[in-house]
Amino acid sequence: MENKKFYLTTAIAYTSSKPHIGNTYDIVLADMIARYKRMQGYDVFFQTGSDEHGQKIGEKAAAKGISPKEYVDEVSAQIKAVWDSMNVTYDKFIRTTDDYHEDAVKKIFTKLYEQGDIYKSTYEGKYCVPCESFITPSQLVDGKCPDCGREVINSKEESYYLKLSKYGDRLMKYYEENPDFIKPDSRRNEMINNFLKPGLEDLCVSRSSFKWGVPVEFDPDHVVYVWIDALSNYITGIGYHPDGSSEQYKKYWPADLHVIGKDIVRFHTIYWPIILMALGEPLPKQVLGHPWVLFGEDKMSKSRGNVIYADELAKRFGTDAVRYYLLSEIPFAQDGNITHEAFIGKYNTDLANTLGNLVNRSIAMTNKYFDGKVFRKHLEGEFDNDLVETAAKTVTKFYELMDKYHNAEAVNEIINLAKRCNKYIDETTPWVLAKDEAMQNRLEGVLYNLLECIRLLSILLYPIIPETCEKMRSQLGIMNDIALDDLKFGLYDGYAVATPEALFARIDTEKVLAEMEEESKKQMEEAAKENIVTMEQISIDDFAKVELKAAKILTCEPVKKAKKLLKLTLDDGSGVTRTVASGIALWYKPEDLIGKTVIVVSNLKPATLCGVESQGMILAADAGENDVRVIFLDDIPAGAKIR
């Protein structure tokens with residue numbers, strides 16, 4: 001047992017804002033795995049935390065008029081509060097502003113530099129501010145960031161680089177020798193085909209254009225870039241240091257599992273393994289890149305009023321209801337979704353009607369017909385045998401699916417056992433048996449079978465809804481700890497049950513949805529106010545730097561391999577035409593635009609989008625959800641300045 005350790009981590013949450021329910025899936029999924037592994041007898045160490053450096057943090061802090069450290073202290077506390085609201089059992093919450101982490105990161109960077117794995121150069125190319133990622137031209141999707149889909153900016157600065165290219169072949173070999181390193185398999189194939197096979201480009205690992213980060217020891221004009229800083233938390237948090245690591249590190253590393261979102265698989269399965277190779281440390285055994293949680297079919301956005309926060313849901317419906325939805329509704333390899341209506345439907349159907357009703361009826365009938373005490377009777381009827389067989393099959397499937405982290409399928413198997421129990425009640429009609437003195441043994445056996453299945457359910461569901469399972473066991477009169485070894489039907493000779501209490505009260509869907517709709521409206525209003533308050537103000541001199549001109553569209557055509565782009569040829573009155581690539585193809589056809597006069601930002605630095613050099617930008621308005629409208633000018637000559 002001494003060597004049966006299991007070290008798992010979540011991605012550390014970025015301290016730009018309070019995490020929404022999609023971010024929270026990470027920690028809930030990891031907690032389910034941690035609980036399951038502890039039930040299997042593993043010595044589990046479970047680490048999570050917050051990622052607190054970077055350009056975006058500095059900008060957000062400046063907008064609020066506080067220091068970056070004050071800002072991240074506030075948001076990190078929010079993250080921790082949300083995690084705690086989900087009843088997660090992490091052993092360590094690391095912050096990348098922790099002194100020991102920053103010191104180790106400085107030494108890691110210096111070590112890699114001194115051994116020739118990091119070198120100094122100049123970066124010029126595309127950069128995504130929200131993701132804090134440098135993007136190569138081949139990685140752009142429709143001219144935008146491949147990870148978040150947002151606009152990228154041109155960036156040029158002196159930087160240090162990590163020699164990814166030096167380790168590409170070695171990493172490919174590791175993939176081949178460890179086929180389960182990345183799960184699901186689709187993520188593994190993506191890394192091989194999109195990154196390893198085309199050849200790795202060296203990675204920018206420092207920044208000099210902002211100061212909120214870990215300083216490079218030997219070059220204080222630079223700060224360590226987010227990926228060396230953030231990724232290193234998985235080893236610094238358990239005691240790694242280049243000058244000598246702790247016994248805890250030697251015990252738990254390599255990690256058994258990194259639980260992350262699919263959007264950061266590249267960083268964890270290419271950059272992170274190579275950093276470890278360069279340090280001479282073992283690689284993690286497995287990376288699980290889980291899918292996203294969408295609001296219906298959309299990403300969550302405050303301005304759309306569709307952001308759902310796990311802690312707020314928990315206040316209204318209970319922590320276990322939130323855990324249950326996330327762990328039962330998000331598939332292993334495809335994106336899942338959540339809406340208030342879907343959440344309430346799942347709550348009423350599975351938790352209130354199926355599980356809650358089963359426990360309440362079974363306990364109540366045991367109290368009513370046998371004063372709360374029943375003992376095992378060996379029943380051999382068709383329905384009895386089928387129930388016992390279903391229970392045994394459920395236990396087998398539970399192990400099979402949980403070992404592969406197919407949690408949604410595992411929960412489906414478990415809830416099907418609860419449904420089978422409810423059907424068993426309808427088949428055996430205990431209320432009818434109770435009227436016949438000669439059927440008392442059978443009635444007692446039926447109730448015993450139900451209580452025994454509820455006991456099994458309290459073990460099977462424990463990694464998913466732990467508080468509820470404790471309540472179930474309390475109502476069954478069971479005092480001992482939950483153990484997988486107890487997943488055997490007929491283990492108990494009898495039960496002395498307590499008073500039944502509702503596990504999940506049924507929700508009035510229409511009433512609660514109306515209340516939540518009102519809350520969503522308030523959320524949108526608050527977001528609008530926040531945008532007004534935090535919007536960076538500029539001077540009249542700053543505005544004067546932007547040159548706006550009227551320009552007539554002479555020709556217009558689609559851009560190949562770019563569904564959103566149109567290529568416009570403009571007459572801006574200068575005597576020379578200019579080309580502009582604009583992402584308006586979803587709303588306008590080329591023939592609708594030819595001859596129209598638009599407003600163009602004429603002194604914008606040129607940028608190449610999908611092979612088209614765009615020499616400016618035309619102005620358009622967000623006129624509603626998924627509705628963009630170009631601003632047209634009537635009777636304004638080409639070249640007229642817009643002031």
Asks: The criterion is side-chain hydrogen bond (donor to acceptor under 3.5 Å, both in side chains); which residues satisfy it with Asn189, sequence neighbours excluded?
Replies: none

Asks: Just checking Asp243: does its CG atom have more than 12 heavy atoms from other residues, nucleotides or ligands closer to it than 6.0 angstrom?
Replies: yes

Asks: Using the test side-chain hydrogen bond (donor to acceptor under 3.5 Å, both in side chains), find all partners of Arg35 that sit at least two apart in sequence or belong to another chain.
Replies: Asp31, Tyr462

Asks: Decide yes or no for Val223 and Phe210: does some side-chain heavy atom of the first lie under 4.5 Å from some side-chain heavy atom of the second?
Replies: yes

Asks: Around Met172, counting heavy atoms of other residues, nucleotides and ligands shown, do more than 12 lie under 6.0 Å from its CE?
Replies: yes

Asks: As a quick check of understanding, evaluate side-chain contact (heavy atoms from CB on, under 4.5 Å) for Val287 and Trp272, giving each step before the final call.
Replies: CA-CA 11 Å; Val287 177; Trp272 178 225; over 6 Å; no

Asks: Enumerate the salt bridge (charged side-chain N to carboxylate O under 4.0 Å, His left out) contacts for residues 47-59, please, sequence neighbours excluded, ordered by first and then second residue.
Replies: Glu52-Arg95

Asks: Run Asp43 and Tyr252 through side-chain contact (heavy atoms from CB on, under 4.5 Å) and show every step you take.
Replies: CA-CA 9 Å; Asp43 172 5; Tyr252 286 111; 2.9 Å; yes

Asks: If the test is side-chain contact (heavy atoms from CB on, under 4.5 Å), which one of Pro282, Pro284, Pro254 qualifies with Leu276?
Replies: Pro284

Asks: Who are the side-chain hydrogen bond (donor to acceptor under 3.5 Å, both in side chains) partners of Tyr90, not counting sequence neighbours?
Replies: Lys80, Asp84

Asks: Taking side chain to side chain contact (heavy atoms under 4.5 Å, CB included) as the test, write out the residues that go with Ile330, two or more places apart.
Replies: Tyr25, Pro291, Val293

Asks: Drop me the distance from Ile118's CD1 to Ile108's CD1, to the nearest 0.5 angstrom.
Replies: 10.0 Å

Asks: If you round to the nearest 0.5 Å, how far is CG of Leu288 from NE2 of His268?
Replies: 11.5 Å

Asks: Quick one: list whatever passes side-chain hydrogen bond (donor to acceptor under 3.5 Å, both in side chains) with Lys69, sequence neighbours left out.
Replies: Asp73

Asks: For Tyr160, give me all partners under ring-ring contact (aromatic ring centres under 6.0 Å, His included), at least two apart in sequence or on another chain.
Replies: Phe109, Tyr113, Phe218, His222

Asks: Whether the side chain of Asp26 engages the backbone of Ala11 through a donor-acceptor N/O pair (distance < 3.5 Å, no angle test) should be reported.
Replies: yes

Asks: With no hydrogens and no angle check, just 3.5 Å: does a side-chain donor-acceptor pair link Thr269 and Arg187?
Replies: no

Asks: Which residues pass the ring-ring contact (aromatic ring centres under 6.0 Å, His included) test with Phe6, not counting sequence neighbours?
Replies: Tyr42

Asks: Determine the minimum heavy-atom distance between Leu200 and Gly168, stating which atoms define it.
Replies: CD1-CA, 3.9 Å

Asks: What's the separation between atom CD1 in Ile12 and atom CD1 in Ile260, rounded to the nearest 0.5 Å?
Replies: 12.5 Å

Asks: Got a second to check how far Lys144's NZ is from Lys126's NZ, nearest 0.5 Å?
Replies: 13.0 Å

Asks: side-chain contact (heavy atoms from CB on, under 4.5 Å) between Asp142 and Leu565: does it pass, once the steps are laid out?
Replies: CA-CA 8 Å; Asp142 292 340; Leu565 289 179; 5.7 Å; no

Asks: With the threshold set at 4.0 Å, does a side-chain nitrogen-carboxylate oxygen contact exist between Lys60 and Glu74?
Replies: no

Asks: In chain order, what residues pass the ring-ring contact (aromatic ring centres under 6.0 Å, His included) check against Phe46, with sequence neighbours excluded?
Replies: none

Asks: Please check: side-chain N/O of Lys5 versus main-chain N/O of Lys251, any donor-acceptor pairing under 3.5 Å?
Replies: no

Asks: What are the two closest non-hydrogen atoms of Arg207 and Ser209, and how far apart are they?
Replies: NH2-OG, 2.9 Å

Asks: Is the Lys NZ or Arg CZ of Lys18 less than 6.0 Å from the centre of Tyr309's six-membered ring, within 45° of the axis?
Replies: yes

Asks: So does His101 get a backbone contact from the side chain of Thr96, meaning a donor-acceptor N/O pair under 3.5 Å?
Replies: no

Asks: If only atom types and distance count, is the side chain of Asp229 paired as donor or acceptor with the main-chain N or O of Val224 below 3.5 Å?
Replies: no

Asks: Can you tell if the side chain of Tyr249 reaches within under 4.5 Å of the side chain of Ile235, non-hydrogen atoms only?
Replies: yes

Asks: Run the salt-bridge test on Lys183 and Asp185 with the 4.0 Å N-O cut-off and return the result as yes or no.
Replies: yes

Asks: Do the side chains of His53 and Thr97 get nearer than 4.5 Å, heavy atoms only?
Replies: yes

Asks: Work out which heavy atom in Met39 is nearest to a heavy atom in Pro463; give both atom names and the distance.
Replies: SD-CG, 3.7 Å

Asks: Scan for side-chain hydrogen bond (donor to acceptor under 3.5 Å, both in side chains) pairs involving residues 167-178, sequence neighbours excluded, and state none if there are none.
Replies: Asp117-Tyr167

Asks: Are the side chains of Ile57 and Val72 in contact, using a 4.5 Å heavy-atom criterion?
Replies: yes

Asks: What heavy-atom pair brings Arg323 and Asn87 nearest, and what distance separates the two atoms?
Replies: NH1-O, 3.4 Å

Asks: Please round to the nearest 0.5 Å and tell me the distance separating atom CH2 of Trp83 and atom OG1 of Thr48.
Replies: 6.0 Å

Asks: Identify the heavy atoms of Ser76 and Thr15 that sit nearest to each other, and give their distance.
Replies: N-CG2, 4.0 Å

Asks: Between Tyr100 and Asp98, does any side-chain donor sit less than 3.5 Å from a side-chain acceptor?
Replies: yes

Asks: What residue pairs, at least two apart or across chains, pass salt bridge (charged side-chain N to carboxylate O under 4.0 Å, His left out) with a residue in residues 210-224?
Replies: Lys107-Glu217, Lys120-Asp219

Asks: Between Asp311 (side chain) and Val82 (backbone), is there a donor-acceptor pair under 3.5 Å?
Replies: no

Asks: For the side chain of Gln115 and the backbone of Ala278, is there at least one donor-acceptor N/O pair under 3.5 Å apart?
Replies: yes

Asks: With a 4.5 Å limit on heavy-atom distance, are the side chains of Asn23 and Tyr14 in contact?
Replies: no

Asks: Could you check Leu231 against Ile275 for side-chain contact (heavy atoms from CB on, under 4.5 Å), going step by step and ending with a plain yes or no?
Replies: CA-CA 9 Å; Leu231 289 166; Ile275 292 168; 4.3 Å; yes

Asks: Sorted by first residue and then second, give each salt bridge (charged side-chain N to carboxylate O under 4.0 Å, His left out) pair with at least one member in residues 264-285; sequence neighbours left out.
Replies: Asp147-Arg266, Asp256-Lys285

Asks: So, the side chain of Thr319 versus the backbone of Ser85: is there a donor-acceptor pair under 3.5 Å, distance only?
Replies: yes

Asks: Walk me through whether Ser602 and Glu547 qualify under side-chain hydrogen bond (donor to acceptor under 3.5 Å, both in side chains).
Replies: CA-CA 6 Å; Ser602 59; Glu547 187 176 273; 2.7 Å; yes

Asks: As an exercise, state the distance from OG of Ser121 to CD of Glu158, rounded to the nearest 0.5 Å.
Replies: 9.0 Å

Asks: Considering only heavy atoms from C-beta outward, does the side chain of Val265 approach that of Glu190 to under 4.5 Å?
Replies: no

Asks: Minimum heavy-atom separation for Gln286 to Asp180, with atom names?
Replies: NE2-O, 2.9 Å

